[in-house]
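One structure is given here, and the rest of the page talks about it.
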2 protein chains.
Amino acid sequence: MLGAMIEARHLRVLRAVAATGSFSAAARDLGCTQPAVSQQMKALEQSTGTPLLIRTGREMRLTEAGEALVRHAAGILAGLTAAEEEIAAIAGLRAGRVRLVSFPSGSSTLVPTALAEMRAAHPGTQISLVEAEPPRSVEMLREGDCEIALAFRYPDVRGADPAAGAEWDDLVVRPLLTDRLIGVVPEGHRLAGAERIGIGELEQEPWIAGCPRCRRHLVEVCESAGFTPRIDFATDDYPAVFGLVGAGLGVAVMPELALESVRPKGARTVPVEPVVHREIVALTLPDLARVPAVAAMLDRLVAAAHR
Amino acid sequence: MLGAMIEARHLRVLRAVAATGSFSAAARDLGCTQPAVSQQMKALEQSTGTPLLIRTGREMRLTEAGEALVRHAAGILAGLTAAEEEIAAIAGLRAGRVRLVSFPSGSSTLVPTALAEMRAAHPGTQISLVEAEPPRSVEMLREGDCEIALAFRYPDVRGADPAAGAEWDDLVVRPLLTDRLIGVVPEGHRLAGAERIGIGELEQEPWIAGCPRCRRHLVEVCESAGFTPRIDFATDDYPAVFGLVGAGLGVAVMPELALESVRPKGARTVPVEPVVHREIVALTLPDLARVPAVAAMLDRLVAAAHR
DNA sequence: TCCGAGCATAAGACAGACTTGGACTCGTCG
DNA sequence: CGACGAGTCCAAGTCTGTCTTATGCTCGGA
């Protein structure tokens, strides 16, 4: 069905024959036996339907059609090796592009170090970074708009909650690190100097929540402690959370990781009980996990998290 | 041994997959089944050593390496079809070149008509013509300087002369026509008005011979008639022969074919006995005889000879 | 005249390609 | 919510193509 086409194999042999002027010499160049060359040329002549070589006792010459084919073969085989080299460069991490999507507090600490190490190890690779919160970042991953998505998930609060991270069944999930939620209260708050705070002690306070998923999780944690938090404000922006808390407008919890890069102005941070963990993971598609540049970047992220 | 290379077959399939976005659609385009496409892509990914496609449930996307390969494949496959088309043009007589070598009296009559018909039938072909006498023309044929050589041979004069045309054993010999040698005597010669001349009647005359082979054959013919001709002049140029004969410097024999294009000034032509034939043939190499343009030109030559 | 080099051919081993048939997943429609 | 269609992968069988070894042939040179 697809057998009447010229194959690259044939052109390589033809080129060797044209270059050396004999089947035996071509066979030596190609590292095979002389009958192999002979048969390849016969097959090529059959597929083109016209003689390509003239066997004249002493020497092997090309017909006009043979010369035309050799002329084309030069360009075709050059393109083929160029393609192989470009692929090899990507596979060998001398080239390659990784588009990374991260949530804000991850990109401020974890990503920069991983990215720096990646660039140092494989200067040819190009890593791009875009910020997006988990629901959107996973969507981008599935739609091919990025290769790696940094996301986080909370463990199930009350026993079996199948929807916690179950939507990642078909993804590769590389755990990076686990951080805790830290309470944030105004400087003058009655609990500002406490060693730790029980979450129930904040039952009556107004709350300032984070992103939708963080907010949902906050509600779950509070409800399992016996109350429903009154949420007055919600914002993704951690400095804004500090500002609101510092202005006495409420209390909040915040990932420990976010504290590394944001200065708590007018607010105090206090560990809360029960300890609530947030697991930060890197996500990618199974096929993409086998792409060298993606795998290397994933390893760098894991390394950066364990440092 | 040669198995780690990218084959054109793979690129055709990859291109179809990239164009259609699915294995099944690509299979329909290519006229094969879906598992065939699936296996080809697996083989290609193995030979490149890196994933090229991402299978994400709904749709089939390319990795960076896959996109690079598709980009190269466009040029490679374009070159391949260009090569196939050029070969097809040569095979289909829409193109092609035939270099013809002829001896002088053949090119003046036979070749022009054959050449005109060839051009009319296959306008894309290019026929070139060079003149050379038989020993040299066959040499050119063997050395690849032409595709067809027009030559002539004389039948054996005395029984078995193995060297007559035996050097053409490895060539394709297409007989075109047979002409006779005609005697040429001065206008005032005692035999100028004869019906025919026995060769023996010219025993005492000085002779004007032609090319080396013609001369050798003349000697053979005369010797088999019982005498050795006294050759005073030898020239390839038929008008010159007529001039010499017309000036009374001797007698000659000349191929009948040559008389068609040369005006006998001051000389008379008379048939000689015994009748001596000269066979005009077209020669080519066995492999070249299968080249369409060469085969077509040979057929035109045969047709022109029989007209 | 013999010998070495080179090509063609035959036969067998082997890999690759294509097919059929079947199971699984996913999105969709009734 | 189950059925269905589309799409993919997997397993096995067939078939073609490719490579090898072994052998015969031709040609040019010693």
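No hydrogens, no waters, no symmetry mates; every other heavy atom, side chains included, goes into these values.
Relative to the side chain of B/Ser24, the nucleotides D/dT20, D/dT8, D/dC9 differ in distance, and D/dT8 lies closest. Comparing D/dT18, C/dT19, C/dC7 by their closest approach to the side chain of A/Gln34 singles out C/dC7. Side-chain atoms of B/Gln40 lie closest to C/dA17 of the nucleotides D/dT18, C/dT19, C/dA17. Among the nucleotides D/dG7, C/dT19, D/dT21, the one closest to any side-chain atom of B/Pro35 is C/dT19. For A/Ser38, whose side chain is taken as the heavy atoms from C-beta onward, the closest listed nucleotide among C/dT9, D/dT8, D/dC19 is C/dT9. Nearest to the side-chain atoms of A/Arg55 among the listed nucleotides C/dC7, D/dC9, C/dG6 stands C/dC7.
Nucleotide D/dC27 holds its C1' atom 13 Å from the CE atom of A/Met60, rounded to whole Å. Computed from coordinates, the B/Met41 CE to D/dC10 P distance equals 15 Å when rounded to whole Å. The separation between A/Leu44 atom CG and D/dT18 atom C1' is 15 Å, rounded to whole Å. For the pair A/Glu45 CD and C/dC7 P, the interatomic distance rounds to 13 Å; values are reported in whole Å. What separates CG of A/Asp170 from P of C/dC26 is a distance of 7 Å, to the nearest Å. At whole-Å resolution of the value, CD in B/Glu7 and P in C/dG16 are 12 Å apart. One atom, CD1 of A/Ile54, and another, P of C/dA8, lie 13 Å apart when rounded to the nearest Å. Nucleotide C/dC18 holds its C1' atom 17 Å from the CZ atom of B/Arg12, rounded to whole Å.
When the side chain to side chain contact (heavy atoms under 4.5 Å, CB included) test is applied to A/Ala295, no partner is found at least two apart in sequence or on another chain. For A/Ala16, the side chain to side chain contact (heavy atoms under 4.5 Å, CB included) test picks out A/Ala26, A/Leu30, with sequence neighbours left out. With sequence neighbours left out, the side-chain hydrogen bond (donor to acceptor under 3.5 Å, both in side chains) criterion links B/Asp299 to B/Arg174. Take A/His72 and apply the side-chain hydrogen bond (donor to acceptor under 3.5 Å, both in side chains) test, not counting sequence neighbours, and it matches B/Glu86.
OP1 or OP2 of C/dT9 sits under 4.0 Å from a side-chain N or O of A/Lys42. Residue A/Arg9 places at least one side-chain N or O under 4.0 Å from the OP1 or OP2 atom of D/dC19. When the side-chain nitrogen and oxygen atoms of B/His10 are compared with OP1 and OP2 of C/dG16, none of them lie within a distance under 4.0 Å.
Residue contacts for B/Thr33: at a heavy-atom cut-off of 4.0 Å it reaches a base atom on one of the strands shown.
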Taking only distance into account, with no hydrogens and no angle test, what donor-acceptor pairs under 3.5 Å do side-chain atoms of residues 32-41 of chain B form with protein atoms, sequence neighbours excluded?
none

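Put simply, CZ on B/Arg97 and CD1 on B/Ile127 are 10.5 Å apart, with the number rounded to the nearest 0.5 Å.
Ionic pairing of A/Arg61 and B/Asp287 is not present here: no N-O contact between side-chain nitrogen and carboxylate oxygen is shorter than 4.0 angstrom. A salt bridge is defined here as a Lys NZ or Arg NE, NH1 or NH2 lying under 4.0 Å from an Asp or Glu carboxylate O, and B/Glu139 with B/Arg136 meets this definition.
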Under-3.5 Å N/O pairs linking protein and nucleotides 11-15 of chain C:
none

